[in-house]
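Below is one structure, written out as structure tokens; the observations come after it.
Chain letters run A, B, ... following the sequence lines, proteins first, then strands; residues in each count from 1.
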Amino acid sequence: MDKRDASRILEEIAALLELKGENPFKVRAYENAAHAIDGLTENLGEIIEAGTLIDVPGIGESIAGRITELWKTGHMAFYEALVDSIPPGYLEMVRVPGLGAKRVRLLGEKLEITSLAELKAAGEKGLIRALKGFGEQSEKRILEGIAILEKGSSRSLASQVRPIAEDLLAKLRKHAAVLESEVGGSLRRWVETVKDVDLLVATEKPEKVTQAFLKLVESATIIASGETKTSVRLPSGLAVDLRLVLPKQYPFALHYFTGSVPHNVRIRSRALDRGMSLNEYELSGKRHAPVRTEADLFRVLGLEYIEPELRENRGEIEAAEAKALPKLITISDIRGILHCHTTYSDGRSTLVEMAEAAVAWGASYLGLADHSATARYARGLSEEDLKRQSDEIDRWNAGSKKLRILKGAEVDILPDGTLDYPERVLEKLDYVVASVHTNLNMSEVEMTKRVTRALKNRYVSIFAHPTGRLLLERQGYPIALEEIFKVAAAEGVLIEINASPHRLDLDWREVLKAKGRGVRFAVNPDAHHAGGYADLRYGIGVARKGWLTKEDVVNTLPADRALALMRSRRA
DNA sequence: GTTTATTTAAACGTAATCTACCTAGATTA
């Protein structure tokens, strides 16, 4: 049981209450509470023990009591009773696009449908259209919606969606009627997974832009198309929304459609506090300086400009008010690349190919970190392999003025917390990346002990992909990150931000916490082929979301200084 | 159910779009 579980149960309660037809504000109260718990920076258990849960904004007496019950007993009577009172299929039925709580309840009551399968059958038999409040269109959309759900996950990796969004945007920008345009939503905030694409355009001629857009996405299904908004679904299942506003509305709309929702709520109420009212089109009320850009909008509200990545209501508004926002790291701050693989282990490109690509990318050093001996799954290097690689690196370094290759290794942390190479091997390496790849089913306590022991090994420089998660595929293994951060900070071990879009591990929410505990980081592509350095932009996205500056990240330093940091415990 | 402005009660986000009816309710963002 951790705060994520608690938050998920609160969210489910909100959905169930809505299905029950409860007071919508009660529903939102549970949604807000779920969000509040998820956003806690302190340990939930400690807050409960201290009895200060009720002081968390969004959590009152009733919900505090229920969370406490859940925490202490592992059960919540209210939740369990609620689950029992609602047909189990209702929750999956509301996930069908176009179906909300009201209509799900109607379908359940009139047609006795209680599962997605029954819903599909009823639709195919044409029973739904006969129902009052439904028609042929509704039935068709429900069946389409079910097909989309059956296709799989409703979220996609940002890396799969971003190129599509950027391509659409580039094409729209060529249109004369498009005056300003941007990708909004979670993509603009560099969130790791996204549900849909939000495109925002400023124009005086909305019909023209809409036509041009629909031509660009010819093969898509049109879900809605009006004067200010067009929604389509691409054949891949990805939903794309185009929003059209007048130029004078653009800064407000851009801010609004970038989100996040909790951030926007705070900004709106801030406007109210100052005698103004903010919506997606304007800032009305008290007179204020003209707003032509997002920066103007923040300024009028007494705030520094807040980068989109920070807009998650995790303290950015307070910091912007105090003029204390960090100067976020950018991709051009990165000087060197650490943690890459070659054909010596499971990489697809040779050492030379990786090196040449690193030169082309603009790096001044490249740390190779192929897998260690035990990693059979990845053709891990024996001591002899390592020696051969070392010789090849020496040859490269003797001949290249542009790029220095560092001798690293990604060494498995074995189940007992020892490393997969003996000391005589480790000491010959320039630096050591340590990570867990096997025996992921340990308890949290055991895993934490295992990793802690590894981090205390004085040869370890970087702890890589700290939770082992694979986005949309696999949860991370259980590990007490707070404990790990403490050890890493004390020992001077760097924590990796793995930039592979499938991992993005450490998670940005945790990066922010780790930074607060004095941890420093390495943003690593974990490249397995010569094109893999491009993933660094996603790692930088995570670093920026985690409030990191150039100073927080080791591979913004020149090679000698980065090495000195990574070898600080060897002396 | 929570918060806030007043101590019991009101507010809590709002606009656009769709679909089934011809203005309203549901859904979504």
Integer-rounded Å distance: B:dC21 P and A:Q137 CD: 13 Å

Between B:dC21 (P) and A:L131 (CG): distance, integer Å: 11 Å

Any residue meeting side chain to side chain donor-acceptor pair (under 3.5 Å) with A:E139, in chain and number order, not counting sequence neighbours: A:R129

Distance between C1' atoms of B:dA11 and B:dA16 (Å, rounded): 24 Å

Heavy atoms from other residues, nucleotides or ligands near NZ of A:K327 exceed 12 (cutoff 6.0 Å): no

With sequence neighbours excluded, residues passing salt bridge (Lys or Arg N to Asp or Glu O under 4.0 Å) with A:E118: none

Heavy-atom protein contacts under 4.0 Å, nucleotides 24-29 of chain B, coded B base, S sugar-phosphate only, - none: --SSSS

Rounded distance in Å - CD1 (A:I223) to C1' (B:dC18): 12 Å

Toward the 5' end of DNA chain B, by each residue's nearest nucleotide, A:G133 or A:R268: A:R268

Test applied, side chain to side chain donor-acceptor pair (under 3.5 Å); reference residue, A:R469; option that passes from A:D505, A:N498, A:D507: A:D507

A:E80, CD: over 12 other non-hydrogen atoms inside 6.0 angstrom: yes

Within-4.5 Å side-chain heavy-atom neighbours: A:L131 and A:L127: no

Only pairs under 3.5 Å count here: list side-chain donor-acceptor contacts from residues 288-298 of chain A, not counting sequence neighbours, and write none if there are none.
| unit_1 | atom_1 | unit_2 | atom_2 | d |
| --- | --- | --- | --- | --- |
| A:H288 | NE2 | A:L283 | O | 2.9 |
| A:T293 | OG1 | A:A295 | N | 3.3 |
| A:T293 | OG1 | A:D296 | N | 3.1 |
| A:T293 | OG1 | A:D296 | OD2 | 3.4 |
| A:E294 | OE1 | A:R188 | NH1 | 3.4 |
| A:E294 | OE1 | A:R188 | NH2 | 2.9 |
| A:E294 | OE1 | A:R311 | NH2 | 3.1 |
| A:E294 | OE2 | A:R188 | NH1 | 3.1 |
| A:E294 | OE2 | A:H255 | N | 3.4 |
| A:E294 | OE2 | A:R311 | NH1 | 2.8 |
| A:D296 | OD1 | A:R299 | NH1 | 2.9 |
| A:D296 | OD2 | A:R292 | N | 2.8 |
| A:D296 | OD2 | A:T293 | N | 3.2 |

Sugar-phosphate, base or nothing in reach of A:E18, heavy atoms under 4.0 Å: nothing

Interatomic distance, A:I317 atom CD1 to A:S269 atom OG [nearest 0.5 angstrom]: 7.5 Å

A:A224, nearest nucleotide to its side chain (from B:dA20, B:dA16, B:dC18): B:dC18

Atom-pair distance (CG on A:L242; P on B:dT17), nearest Å: 11 Å

Atom-pair distance (CD1 on A:I128; C1' on B:dT19), nearest Å: 15 Å

Nucleotide B:dA16, atom C1' - distance to CG of A:N279 in whole Å: 13 Å

Whole-angstrom distance between B:dA10 and B:dA5, as gauged at atom C1': 9 Å

Side chains of residues 194-223 of chain A: which donor-acceptor partners sit under 3.5 Å, not counting sequence neighbours?
| unit_1 | atom_1 | unit_2 | atom_2 | d |
| --- | --- | --- | --- | --- |
| A:T203 | OG1 | A:A177 | O | 2.7 |
| A:T203 | OG1 | A:K205 | N | 2.9 |
| A:T210 | OG1 | A:P206 | O | 2.9 |

Letter per nucleotide, 5' to 3', of nucleotides 1-12 of chain B [B base touched, S only sugar-phosphate touched, - untouched; heavy atoms, 4.0 Å]: BSS--------B

Spacing of the P atoms in B:dC12 and B:dC18 (rounded, Å): 28 Å

